[in-house]
There are 2 protein chains.
Amino acid sequence: MVASEDTFEEINDALVDVFNNVGWIEEASLHNSDFKDISLKEMHIIAAISMYKEPSASEVAKIVHLTPSSMTTAVDKLVKKGYVERRRSQSDRRMVRLGLTHRGRVVYRAHQAFHRHLTHYLVDSLDVSDMRVVEDAILHLQEYLHNLNHSIN
Amino acid sequence: MVASEDTFEEINDALVDVFNNVGWIEEASLHNSDFKDISLKEMHIIAAISMYKEPSASEVAKIVHLTPSSMTTAVDKLVKKGYVERRRSQSDRRMVRLGLTHRGRVVYRAHQAFHRHLTHYLVDSLDVSDMRVVEDAILHLQEYLHNLNHSIN
DNA sequence: TCGAATGTTTCGATGTTCGAAATAAAAAAC
DNA sequence: GTTTTTTATTTCGAACATCGAAACATTCGA
């Protein structure tokens, strides 16, 4: 059926465009905010820290695809800038547990707000049942990416 | 209404996850392909070249957010690896016009196939009318990002 | 207790990116 | 028609991110 093939191509083109540009826009939006001193990659480190209770350095490294040694230098910078705290676990003193400072939590909330804004534009014109359709579609994509990720690591 | 707020949060969480991971998966997928010698950023340069007729170096630089000087070295590498061709415009001999080699076109088609695969997982479970709903939602998001991009540059 | 395993850090090397200055060609000014 | 200015690209040197191997500290297991 030609109509649905066209729709597929249009969705594909838009999706490619969105994927290619969202990172740069996120970066620019950070640069225009009160937090000009962190990059998008640093933002992802902050987000990874905030999403788990007290992750170790290497757990965060795995999430953001950095080697442990790169993680050390990245955390050094974020500590120096005042976004992240390091402290040795007292149960296992080899581990470094990471946490956010107040400033770290603030910038993370700003990052969350940015993403909520995007989602708002995605679904704002939809009624409840159409939102469920979109949710279902995105969950399928997410699951596929998750499986790919797992089969690679 | 509580139900739609929950749906919003679920869509938002999934979308954040997809945005955060699609780049890494794309990179890993490249690394597992016949084209292990190009990075995702180099892939974006190749895609930008292929999407315009005979773009100049600085036009491509703008699309992929590199400075002209960085573009020079990036193109050097892609020429050396055999993906890109440089040639001076004959109408204006200051300009360098970029094009893909055969190998460049092949890797671009592989990249296209990867994205089509993603789109396939996004929409595969949907009937035609639901596909239109999803298309509409993504077009809204794309338009918003496009406006943001334009208001920044 | 001692050796292996684990988590982190240090160090040196590589690669990417940038900005300023250099180069080359075209366009504008005179 | 020559000179000046603008435009597109490149070169050079510096800054930064990332990595792998080795070092270090700590815990676990034989």
Side-chain angles (χ1 to χ4, degrees), chain A residues 23-24 26-28 30-31 36-49 52-81 83-99 152-153, chain B residues 23-24 26-28 30-31 35-49 52-81 83-99 153:
Chain A
W24 289 321
E26 218 167 333
E27 184 104 43
L30 262 173
H31 206 76
K36 304 185 195 310
D37 59 342
I38 53 179
S39 68
L40 183 55
K41 289 195 174 187
E42 290 178 313
M43 188 68 250
H44 285 153
I45 293 174
I46 289 170
I49 292 172
Y52 298 81
K53 49 287 167 86
E54 294 203 314
S56 71
S58 41
E59 283 169 344
V60 175
K62 188 155 287 183
I63 295 168
V64 301
H65 294 82
L66 278 183
T67 59
S69 65
S70 302
M71 196 66 208
T72 296
T73 66
V75 170
D76 282 346
K77 280 180 48 187
L78 287 171
V79 168
K80 185 153 292 182
K81 293 182 196 170
Y83 293 97
V84 169
E85 279 177 350
R86 247 195 193 103
R87 54 181 203 296
R88 290 276 161 186
S89 163
Q90 56 202 71
S91 60
D92 181 344
R93 307 223 336 275
R94 291 170 301 183
M95 284 193 188
V96 169
R97 300 225 166 262
L98 300 177
I152 283 165
N153 298 345
Chain B
W24 289 320
E26 217 167 336
E27 183 105 45
L30 263 173
H31 206 76
F35 307 100
K36 303 184 197 310
D37 59 343
I38 53 180
S39 68
L40 183 56
K41 289 195 173 186
E42 290 177 314
M43 186 68 250
H44 286 152
I45 293 174
I46 289 170
I49 292 172
Y52 297 79
K53 51 281 168 86
E54 293 201 315
S56 71
S58 41
E59 283 169 345
V60 175
K62 187 155 290 184
I63 295 168
V64 301
H65 294 82
L66 279 183
T67 60
S69 65
S70 301
M71 195 67 208
T72 297
T73 66
V75 171
D76 282 346
K77 279 180 47 186
L78 287 170
V79 168
K80 186 152 290 183
K81 294 183 197 169
Y83 293 97
V84 169
E85 279 177 350
R86 246 195 193 102
R87 55 182 202 296
R88 290 275 159 186
S89 162
Q90 56 202 69
S91 59
D92 182 343
R93 307 223 334 277
R94 291 170 299 182
M95 284 195 189
V96 169
R97 301 225 167 260
L98 300 176
N153 297 349

[N] phosphate, OP1 or OP2, under 4.0 Å from [X] side-chain N/O:
X	N	value
B:Lys41	C:dT17	yes
B:Ser69	D:dT10	no
B:Thr67	C:dT17	no

Separation of [N] [atom2] from [X] [atom1] (nearest whole Å):
X	N	atom1	atom2	answer
A:Lys81	D:dC16	NZ	P	10 Å
B:Arg87	C:dA25	CZ	P	18 Å
A:Asp37	D:dA15	CG	P	20 Å
A:Asp76	D:dT18	CG	C1'	14 Å
A:Trp24	C:dT17	CH2	P	11 Å
A:His65	D:dC19	NE2	C1'	16 Å
A:Lys80	D:dC16	NZ	P	12 Å
A:Lys62	C:dT6	NZ	P	12 Å

Hey, does [Y] have a side-chain heavy atom less than 4.5 Å from the side chain of [X]?
X	Y	value
B:Glu42	B:Lys81	yes
B:Glu26	B:Met43	no
A:Val96	A:Met71	no
A:Leu66	A:Ile45	yes
B:Lys41	B:Val64	no

For [X] and [Y], work out which heavy atoms get closest and say how close.
X	Y	value
A:Tyr52	A:Pro55	O-CD, 3.7 Å
B:Leu40	B:Glu27	N-OE2, 3.3 Å
B:Thr67	B:Ser70	OG1-OG, 3.0 Å
B:Ile63	A:Trp24	O-CZ3, 3.6 Å

| task | Work out how much the helix from C:dT1-D:dA30 to C:dC30-D:dG1 bends between its end axes, five pairs an end, to the nearest 10 degrees. | result |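 So the angle between the two local helix axes works out to 10°.
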| message | If you assign each of A:Ser91 and A:Met71 to its closest nucleotide in DNA chain D, which residue comes earlier from the 5' end? | response |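 Between the two, 5'-proximity favours A:Met71.
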Can you check nucleotides 6-9 of chain D for protein contacts, nitrogen or oxygen pairs under 3.5 Å, and list what you find?
{"from": "D:dT7", "atom 1": "O4'", "to": "B:Arg94", "atom 2": "NH1", "distance (Å)": "3.4"}
{"from": "D:dT7", "atom 1": "O2", "to": "B:Arg94", "atom 2": "NH1", "distance (Å)": "3.0"}
{"from": "D:dT9", "atom 1": "OP1", "to": "B:Ala57", "atom 2": "N", "distance (Å)": "3.2"}
{"from": "D:dT9", "atom 1": "OP1", "to": "B:Val96", "atom 2": "N", "distance (Å)": "2.9"}
{"from": "D:dT9", "atom 1": "OP1", "to": "B:Val96", "atom 2": "O", "distance (Å)": "3.2"}
{"from": "D:dT9", "atom 1": "OP2", "to": "B:Ser58", "atom 2": "N", "distance (Å)": "2.9"}
{"from": "D:dT9", "atom 1": "OP2", "to": "B:Ser58", "atom 2": "OG", "distance (Å)": "2.2"}

